[in-house]
Amino acid sequence: MRVGVFICHCGNNIAGTVDVAKVAEEARNMPGVQFATDYMYTCSEPGQEEIKEAIQREQLDRVVVAACSPRMHELTFRRTVEKAGLNRYFFEMANIREHVSWVGEDKDLNTNKAIEAVKLAVEKVKQNKPLFPSSFEVNKRVLVIGGGVAGMQAAIDCAEGGLQVVMVEKSPSIGGMMARLDKTFPTVDCSICILGPKMVDVSQHDNITLHAYSEVEEIKGYVGNYQVKIRKKATYVDWTKCTGCGECTEKCPSKDAYDHFNYGVAPTTAITIPFPQAIPKKATIDPTYCRQFVRGKCGVCAKICPADAIDYEMKDEIVTEEVGAIITASGYGLIDLDRLPEYGGGRYPDVVSGIQYERLLNASGPTEGHILRPSDKEEPKTIVFVSCAGSRDKSIGIPYCSNFCCMYIAKEAILTRDHIPDSKVYVFYMDIRSPGKGYDEFTRRAQEEYGVRYVRGRVARVFPKGKKMIVKGVDTLLGTQIEVEADLVVLATAVTAAPGAPQLAEKLRISYDQHAFYVESHPKLRPVETNTSGVFLAGCCQGPKDIPASVGQGSAAAAKVLSLFSRDMLESDPAVANVNINVCVGCRKCINTCPYGAIEEEELRDGRIVAKVLETVCAGCGVCTSTCPCGAIQLQHFTDNQLLAEVNALCLS
Amino acid sequence: MTQKKLKEVVQKVLPDVDMVIGYRQGFDPVHATPFFVTRPEQIDELIWNPLCVHNLASYIPSLTTNKKVAVIVKGCDSRAINQYLQENLINRENLVVIGIPCSGVVSVSKVLKAVDHQIIESVSCENHAVTVKTSQGEKKLSVSDVSPDKCKTCLYPTPLVYDHLVGDPITSDKEPESVYDEVRSFEEKSLEDRFQFWKTELDRCIRCYACRNACPMCICQDRCIAESRDPHWVTQKTNQTEKFMYHMIHALHLAGRCVECEECTRVCPMEIPVAKIKKKINMEMDQLFDYKAGLNAEDTPPMYTFKVDEETIEEHEL
Amino acid sequence: MAENEYIYYPGCSLEATAIEYNMSVRLIFKALGIKLVEPDDWSCCGSTPAHSVDHVFAGALAARNLAIVEKMGASTVITPCPACLSAFKKAHLRMVDNEEFKKEVNELLEVPYECGVTAKSVLQVLLEDVGLEAIAEKVTTDFPDLKVAPYYGCIIARPPEVMQFDDPENPVAMDKILTALGVEVCDFAFKTECCGAAFGVVKKKMVNELSSKILNMVLDCGANCLSVPCQLCQQNLDLRQDQINATMHASFKLPVLYFTQIMGLAWGYSPRELGLDKHNVRADHLIRSKRSIEEKRREEEEKAKTKKGKGKKGKVKKKPKAPKTEDKKAETKQPEAKTEEA
Amino acid sequence: MSVVAGKELRIVGFLCNWCSYGGADTAGVSRFKQPSDLRIIRVPCSGRVDPLFVVKALLNGADGVLVAGCHPNDCHYSEGNFYARRRLEMLKKFLSYMGIDDKRFHYTWVSASEGARWQQVVTDFTKQIHALGPLHQKEEAGD
């Protein structure tokens, strides 16, 4: 065995707290090590050249690089050794940066730890076997989860790229949050006017199949070959017949249904079409309010529907779609007003959320664009905006900034002044966060041109006094407490992960952080990839972001899918389970425990039953290997002997 | 009398099977030995008495694939059959189970001790007692005095699975809870004492693998990872570490599978209480997953399944 | 210990200035057939200046009492006093998650405390253990004039990670109980605002301002008295009311009742039994007119008005009519910000 | 070379590649300082960790063994950690019966984003092992 070891300084990142020269020197004495050296930046072009040359010069047959995390550069170096003629699995990485130099202060201890990390890798690599990927076909269809602006952008870009797209939207219409906005910052452009055309593109594109009012039920398979079960929820209206004429919504007698689209600013009818530009423009019945369901009799809509589309008997329907990749753009949620009792959230009708206010501003909203306060439908003269309502607030478990509130508050403030010229508008803020093209200018316009009064300080309490709401807070610039008598209070409620985000993540087998936002492969360099190959992220499911950022991610995710699909065959990771039929006793324990059903029985000529791995289905978790009593089934690259070699390297000394 | 009835049953069964596995007299009066009956004239050699200690079920996995076999089982042995069925290691169609309700067997080594290892000339068994004749004279031993530990905690004297039952069912008079008293009292020892105990016990181990070979659930047999080089879990060194390792392997591979026939302890030439190790894990399986191995064929061994929410497992704090 | 029995730690002030709180608490538990057992030889809870001087010492003062309770074989101790409660809870929690602290504290104690006792407020057990049904069942009398502003004070639900009860910003436990009694509860915005009691001695002026703000809000929300679970608030707002009127040129005449007293009244006990006569601002005029709940029911059936909450989210509260209010000075004390402990 | 005498004890960690190894990376990137004793073995999934590896390590010289995987329901392989949970729990309950303090073995869940949590786990577990002291000084692995 001729192992070559390369210790990376990573500038000072490693060399700063690890004696790399000593590590290299120690490495030279390790059994099987032929050559060891340290280098400034091993991942650099010359650094990789050095490795290739050494492989030739020293006839190395195994390579160990001690540098950063393998999650960072394993692939880079595998390619390097492959270029030099070695099998890419004759390579191991010792993580002496994230796990050593960056977490330990004592140089001696770090150096010793690094030496052992190298020893570990050397012992492992000596056990490594050459592995060769097999290739399989790709199903060039893509599933887009979520019909918000990010999802729509992704869908359109994929469709334009010639891919078949399946879009799943859980609400009755696509459009997402943007469809609810009145205007967009910083241009004060009409939101639905710029979104509408995209929505139409989605609905009319030959390559896009839209499942509205549907949710992902189950996802099976792997990159290139996913099977997705989709639940089409019962709308109780036959959409093939419904013309969207809207007569039913006018005649519907139960008028106190919660209006999901308008965030309950005003009640709506049990049968609704969410908004004029809805796509598809079809009616949906909410059985929790519909009298036909609640009282068992009514049937008004059924009677008056000219297309006779009403079907109270309708049931959920499950459809299965086969795709090769998935883009999840499942969006975000907002915290409930009730979680802000100090602001009277949920208790006082005249304390509303930012998104509710958008609907009050919007011409197609319940007030037809006249700002009327919910309690008495009067026009408010003094409006107070409270930013960071829940955001950046550890005490309710939301330490992060919701990203776009500062901007939409400025926008809503400006619009308020437009709607009600004689209004007084206050904004309580912690900081004004406006880092974007034309953003800061915009917040300044709000203050300078529109005379919005920005108060730097937090609000302590909001309470009613007569018809007014008293907003009690502090002005940190004046260093005093202030009270504002408001007619209407608008809270910039904190952005949260979308309801049900964790459940979806579990179906997708991607990970999510403690706030249930989805985790990207790398925060800087792989922002739309996930650790599950074939699954990509777009928009706010990954974290709060504004429209341009979401659209950008939508296109980015689409680009990723297009490049993934640019090949007809994909290479499967050869690090999968493998059965030694001479040892297998056919006890079937692996078959019963495999999470993927990737193992089947095989009858040998002598009639013996043994296990057989379906290479493309196996995902390489290794549960089978730790289940097999006789060690007959071994996960390649993580075999018992490879792990035992590592354990022994550490323990037997 | 049971032995007579047994022979009648075997008469009936033999024509439709390739063999009947039972017991016959061994090389001396105190040893019974497994007996594979293939011809009617052999039936008369069959015996049934408290000396019939072996778990004959151990033989069937290798046989039922291509032979039709009948096997004679006691209550304890029968759990192995259920366990085989759970792990579908045998083909039930090819198996005829002849169950015998058992009121307890003897531990040969205890008998020999009782007569301080004299040559035994004859043994006669009558209701719950064995009379042993040596050159020193006769000695009458009550079975319960010389029975193996498993009988003292036996909850299932009547086979749990059978096609023919020889004799009337017997119900256990043992407290289910008492089964693990041995474990509990052992756990009262200090950590250090426990370690010293196993150190001295396992120190005697000669790694002959008799315990493994006798174990009905050790289905790997000659492919056991205790002997293989790939994977290479255990070296050939004869030190304490490797001895511990071997017995841990045996125990952990039996987690949720051990049917408590205690063959391992019976066959150990060094008289190491091997079954005592498994008993603890059996107790855990019982308490964590409310599971005893081999009680019925439909269960899934707890180590090969899971619940999304494990009510009985809480997170460990540091 | 027995089902219908609690270990009851009254705390120092309930033996003296707040004796009527003690009386009313004992009375209602008697009515509920629940025995209150005082730990023998209980001592100061430590919520004295001690905790601002020496945490270990303060902890030990609290832990001593908890240790006595523990020794009695009980796992719960109840106290009416929020200050004692928070002292107990603080000491307990700190000892649970800090071995070092636990050791130091136990070194000071003859009987070490093994952290086996949960402290609860009388309010909490009435709500959670006794339950609203049981409370409502006992109601015999209705006081039509009584319009109550529920005032909780600053510490009964704060800091949340310590008190682990009710909402720190908008507590509702007492509201629920009063409502169950059939008493009219007003939507009071200053439930947890600081009354300044802590500065009663050193900063009279500030205390008067803070207290007057609270009393103003009581009027604004249409109430004519306060209900409190805290004898410090009671003392401060009741005893000091004349002083407040004098310094703030106001003329408040707002009785400050313990919620347990109101319970007692509704259950038909006499004001004297409940020690209402011990208050500075008397409530007689509010409880003069009363009727049996049967009458009440009858009268209400007559004017059968149906009022339904509309929309999905939170029902609309009726607008309080704002009577005389002076004083709109921006100068107020910052209400306690939510505590930020990781 | 091995542990730095007097300063370190031998602690072996098995980390699943997707969550806990990532979590350890996150801790590193965030420069969350940790005791240096732990040596990390990377496995694809906590379900790959045969309890025998833990036994092997403890018998062969480790003073403590730590296994970390994705939180239940968040397994990259959807089910691996569920199997791990049962098997490792069984082992934890078993070890002390054989005379090996079960405090020397800990298994827990750390996600890729929980760098701070990882720091906490490593620090606390190392502290715990140091409190127990070396496992192997007394008993010699004689041949």
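Lettering of chains follows the sequences in order, A, B, ..., and the numbering in each one begins at 1. FYI, side chains are in, hydrogens and waters are out, and symmetry mates aren't considered; it's all heavy atoms of this structure. This structure is a prediction, so every number in the text was calculated from the model and none was measured.
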Greatest number of heavy atom pairs closer than 4.5 Å to chain B - which of D:Gln120, D:Gln128, D:His106: D:His106

Residue among D:Asp101, D:Thr108, D:Asp124 with most heavy-atom pairs under 4.5 Å to chain B: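 The option with the most such pairs is D:Asp101.
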
Side chain from CB out, backbone as N, CA, C, O: work out which of these in [X] comes under 4.5 Å of a heavy atom of chain D, or both, or neither.
X	value
B:Ile277	both
B:His247	neither
B:Phe186	side chain

Residue, of B:Lys189, B:Glu187, B:Lys280, that accumulates the most heavy atom pairs under 4.5 Å with chain D: B:Lys280

Reported [atom1]-to-[atom2] distance for the pair [X] and [Y], which is rounded to 0.5 angstrom:
X	Y	atom1	atom2	result
B:Leu191	D:Met98	CG	CE	11.5 Å
D:Phe94	B:Met285	CZ	CE	10.5 Å
D:Leu91	B:Ile281	CG	CD1	8.5 Å
B:His316	D:Asp102	NE2	CG	8.0 Å
B:Leu318	D:Leu66	CG	CG	8.0 Å
D:Phe82	B:Thr305	CZ	OG1	11.0 Å

Heavy-atom closest pair, residues D:Arg86 and B:Glu310: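 Closest heavy-atom pair between D:Arg86 and B:Glu310: NE-OE2, 2.7 Å.
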
Nearest non-hydrogen partners of D:Met90 and B:Ala255, listed with the distance: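 Taking D:Met90 first and B:Ala255 second, the nearest heavy atoms are CE-CB, 3.7 Å.
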
D:Arg85 to B:Phe306, cation-pi by 6.0 Å centre distance and 45° axis angle: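 Because its charged atom misses either the 6.0 Å distance or the 45° angle limit, D:Arg85 does not stack over B:Phe306.
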
Contact check, side chains of B:Lys276 and D:Tyr97, non-hydrogen atoms, under 4.5 Å: yes

Which atoms of D:Lys127 approach chain B - backbone, side chain, both or neither, heavy atom under 4.5 Å: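 D:Lys127 has no heavy atom closer than 4.5 Å to chain B.
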
Chain B contact via D:Leu58 - which portion, at a heavy-atom distance below 4.5 Å: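 Interface part for D:Leu58: neither.
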
Exceeds 12 heavy-atom contacts within 6.0 angstrom, atom NZ of D:Lys93: yes

Heavy atoms of other groups near B:Arg229 CZ, more than 12 under 6.0 Å: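 Incorrect, the count does not exceed 12.
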
Side chain B:Trp233, main chain D:Leu52, donor-acceptor under 3.5 Å: no

